[in-house]
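Below, all heavy atoms of this structure are taken into account, side chains as well, without hydrogens, waters or symmetry copies. FYI, the numbering just counts along the sequence from 1. Bear in mind that the values here come from a model prediction, so they are computed numbers and not experimental data.
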Amino acid sequence: MKGVSRNCRNIALFAAATLLLTSGCTTRDQMAVASEEPAYDIPPPMAEAAAVSSPPPPPAPKSKATGITKNLNVARKSSSGARVGAVRGSSKSNANLGAVSNRFKAAIGKTRGLAIVGNPGIPSYPVWPPEAPSSRVSLDRFIKARSDLSLYDAGQKLKRSFEDAGYLEYSYYAAPGGFVLVTRIEKINAKGDPLPGTERYKLPNQRSSGSLTSFVRGLFLDAPPGFYRYIAVVVSDKPYRTSRRKLSSTEAGRRLTRGSNNLSAAYKKVAFTRDHNVEALIYEFTKNTRTGKVRMIAPGRLTPKIHLAKTKLNKTIPSNFRR
């Protein structure tokens with residue numbers, strides 16, 4: 001009996017070991033098969049759908065905390081040295097802008113014909129270049145002595161020349177590279193002689209002090225037309241050409257009162273050289289006594305030589321510039 005029991009127990013142990021070995025091999029074989037299965041290049045449909053339905057979240061925006069902190073720090077510092085630096089910087093910027101603005105104004109002034117003798121300190125001639133005259137003539141041949149003269153000196157000598165010729169009213173204007181001296185518009189006869197007495201400086205819109213007969217004749221008969229003359233002397237070292245505009249007798253009369261009574265001290269600092277041309281612009285006007293209309297004559301009826309002789313400027317200018 002004992003021998004049979006021992007044999008049965010050995011058989012049971014052998015059977016258990018065989019079962020264990022059999023189950024272990026099956027597990028290893030299954031694992032090998034699983035490891036040898038080909039990998040999918042394309043994910044399964046469910047995985048693909050999940051990827052499409054839930055895209056990756058966008059990158060988080062950069063935090064502005066750093067910039068805000070910097071701004072706060074700058075704001076704190078501005079109460080001391082930073083604020084002073086900002087003020088100084090703005091002052092420099094304003095100064096630079098002012099310099100640019102001044103250069104811009106200077107450039108505009110040159111293009112528009114404003115005076116360029118430093119700061120002239122007197123009004124600029126109302127229209128530059130000036131209106132086309134009836135005739136124009138150079139006065140340089142009457143001016144010989146220029147050494148040690150300034151533009152201010154030249155203006156004074158021209159003024160005395162006009163005074164000696166009977167022109168007691170005049171005005172100065174600034175012009176590019178010099179100035180303009182204008183006289184009062186005067187009434188002349190057909191030959192260019194100034195009318196005597198108070199008749200000489202009656203404006204075209206003023207009624208002449210004549211008899212009733214002459215007044216009626218002017219209204220209903222062919223009365224002789226009236227003639228007027230306005231002279232502007234330009235002293236400048238800048239070439240120019242006159243514009244196509246026409247000067248009216250009314251505007252010519254206004255220019256006497258809108259200019260300066262003298263040249264400013266700025267002209268004492270500018271030498272009067274041979275580069276400065278002295279030119280007389282002569283404007284002639286005629287008035288229809290019957291209709292009262294006044295128009296400018298262009299070209300002029302009289303030659304520049306006649307005008308200089310009738311005004312006596314051909315004698316007074318050389319006389320004053322010899323002194």
Side-chain angles (χ1 to χ4, degrees), residues 94-131 133 136 138-140 142-165 167-184 230-243 247 251-281 313 316-323:
N94 292 337
N96 293 335
L97 290 175
V100 173
S101 176
N102 290 336
R103 289 195 295 270
F104 179 77
K105 289 179 180 178
I108 293 295
K110 289 180 180 180
T111 57
R112 292 183 179 177
L114 300 180
I116 55 175
V117 181
N119 181 12
I122 61 175
S124 297
Y125 197 66
V127 175
W128 194 266
E131 299 92 343
R136 57 195 299 181
S138 174
L139 303 179
D140 289 335
F142 300 120
I143 302 173
K144 302 300 181 183
R146 299 193 183 204
S147 59
D148 300 329
L149 292 181
S150 65
L151 282 183
Y152 182 89
D153 298 328
Q156 297 303 303
K157 289 181 178 293
L158 284 173
K159 179 181 72 173
R160 287 193 290 268
S161 299
F162 276 92
E163 289 177 345
D164 293 345
Y167 297 92
L168 303 180
E169 295 181 89
Y170 37 78
S171 286
Y172 291 96
Y173 288 93
F179 63 88
V180 179
L181 175 64
V182 303
T183 63
R184 180 170 179 171
Y230 168 77
I231 301 176
V233 178
V234 179
V235 180
S236 176
D237 61 353
K238 305 296 180 184
Y240 70 95
R241 62 178 182 179
T242 56
S243 67
L247 178 66
E251 178 61 22
R254 289 196 190 106
R255 290 184 183 176
L256 178 69
T257 60
R258 295 182 177 180
S260 174
N261 66 330
N262 206 348
L263 290 176
S264 63
Y267 288 91
K268 294 181 179 180
K269 302 176 183 179
V270 183
F272 178 53
T273 67
R274 295 195 176 277
D275 292 333
H276 289 89
N277 298 311
V278 183
E279 185 177 38
L281 305 180
L313 290 173
T316 59
I317 292 176
S319 175
N320 280 278
F321 275 86
R322 280 198 298 266
R323 299 175 185 174

For this session: Over all heavy atoms of both residues, which pair between Asn261 and Tyr170 is shortest? Give the atoms and the distance, please.
Result: O-CE1, 4.4 Å

Exercise. What distance do Arg254 atom CZ and Ser171 atom OG have between them, rounded to the nearest 0.5 Å?
Worked result: 14.5 Å

For this session: Answer with yes or no whether the side chains of Gln156 and Asn262 bring together a donor and an acceptor at under 3.5 Å.
Result: yes

Exercise. Ion pair present between Arg160 and Glu163, side-chain N to carboxylate O less than 4.0 angstrom?
Worked result: no

Exercise. So which heavy atom on Val182 is nearest to which on Ala232, and how close?
Worked result: CG1-CB, 4.0 Å

Exercise. Within a strict 4.5 Å, meaning less than it, do heavy atoms of the Pro123 and Ser260 side chains meet?
Worked result: yes

Seminar exercise, completed: With Leu158 as partner, the option from Leu313, Thr316, Val235 fulfilling side-chain contact (heavy atoms from CB on, under 4.5 Å) is Val235

Exercise. What distance separates Asp275 CG from Lys238 NZ, expressed to the nearest 0.5 Å?
Worked result: 9.5 Å

Exercise. Between Tyr267 and Pro120, what is the shortest heavy-atom contact and its length?
Worked result: OH-CB, 3.6 Å

Problem set entry | Main-chain N/O of Pro176 paired with Ser236 side-chain donor or acceptor, under 3.5 Å | yes

For this session: Verify the distance criterion only: is there a donor paired with an acceptor across the side chains of Ser150 and Asp153 at less than 3.5 Å?
Result: yes

Exercise. Just wondering, do Glu169 and Leu256 contact through their side chains at under 4.5 Å, heavy atoms?
Worked result: yes

For this session: Without swapping roles, check the side chain of Lys157 against the backbone of Asn320 for a donor-acceptor pair under 3.5 Å.
Result: yes

Exercise. Aromatic rings Tyr167 and Phe162: how do their planes relate, parallel, tilted or perpendicular, breaks at 30° and 60°?
Worked result: perpendicular

Exercise. Which value, rounded to the nearest 0.5 Å, describes the distance between Tyr173 atom OH and Ile122 atom CD1?
Worked result: 10.0 Å

Problem set entry | SB check Arg146 Asp140 (cutoff 4.0 Å) | yes

For this session: Starting at CG of Leu151, measure out to NE2 of His276 and round the result to the nearest 0.5 Å.
Result: 4.0 Å

Exercise. Is the shortest heavy-atom distance from the side chain of Val234 to the side chain of Leu281 under 4.5 Å?
Worked result: yes

Exercise. So which heavy atom on Ile231 is nearest to which on Ala280, and how close?
Worked result: CG2-CB, 4.5 Å

Exercise. What are the two closest non-hydrogen atoms of Lys144 and Arg274, and how far apart are they?
Worked result: O-NH2, 3.4 Å

Exercise. Regarding Asp237 and Asn277, is there a side-chain donor-to-acceptor distance under 3.5 Å anywhere?
Worked result: no

Problem set entry | Tyr240 and Trp128 aromatic ring geometry - parallel, tilted or perpendicular at 30°/60° bounds | tilted

Exercise. Does NZ or CZ of Arg255 lie under 6.0 Å from the centre of the six-membered ring of Tyr125, at an angle within 45° of the ring axis?
Worked result: yes

For this session: Looking only at non-hydrogen atoms, find the nearest pair between Phe272 and Ile143 and report the distance.
Result: CE2-CG2, 4.1 Å

For this session: Taking the side chain as every heavy atom from C-beta outward, state whether Glu251 and Pro126 have any pair of such atoms under 4.5 Å apart.
Result: yes

